[in-house]
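Residue indices begin at 1 and follow the sequence shown. One-based numbering, in listed order, for ligands and for the atoms of each.
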Amino acid sequence: MANFEFIEKFYPDRYYDSIFDIDFDLLKGNGIRGLLIDLDNTIIPRDEDEVSEDLRYWFLNLSKKGFKVCIVSNNWKSRVSEIAEELGLPLIARAVKPKKRAFEQGMKLLKTNKNQTAVIGDQVFTDVFGGNRTGLFTILVVPLSDCDLFYTKFLRKLERIILKRIRKEK
Ligand SMILES: [Mg+2]
């Protein structure tokens, strides 16, 4: 029998088509001040490395609104640190999400607590599950590309099942 409480750990608090659709005034109203943001397929497609003007502006706007931001990525390649550097943002690489450690490191870095911190990412099993079990507000976005690692492809199949369920309930 399915344990409903366990399944809920895979549910995001919010689900958007893209980072550009996220309502940051709403987040601010909920007391969120710090954002732990995934990189691959959340802000940039996994197979690309170019920082678009739209993305640059999006981050600029976040800082204008008073949000503190840290990139949290399971990736370890130099591409990730180059992108973070280009955006002028702190980075936690090799994050081993869904483990809690990187999220906790991120909060320490941003000097925010659990009630003030949101996770933004494209994967249910790393970003959402990890954020939820750390006690953070979680935001899921549709991945920017289909270019995924082998194990990610497998997880995506499970992800679709969960997302179907979320849509049914809403
Ligand atoms: Mg990702």
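Within 6.0 Å of atom OH in Tyr57, 12 or fewer heavy atoms from other residues, nucleotides or ligands are found, so the atom counts as exposed in its surroundings. Counting non-hydrogen atoms of other residues, nucleotides and ligands closer than 6.0 Å to NZ of Lys28 gives a total above 12.
Distance alone, capped at 3.5 Å, places no donor-acceptor pair between the Asp49 side chain and the Arg79 backbone.
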Would you please test Lys97 and Asp38 for salt bridge (charged side-chain N to carboxylate O under 4.0 Å, His left out) and show each step?
CA-CA 10 Å; Lys97 294 177 277 186; Asp38 175 56; 2.9 Å; yes

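Restricting Asp122 to its N/O/S atoms, the shortest distance to the Mg ion (ligand 1) is reached by OD1. Nearest N/O/S atom of Asp40 relative to the Mg ion (ligand 1): this is O. Checked against the Mg ion (ligand 1), the N, O or S atom of Asp38 at the shortest distance is OD2.
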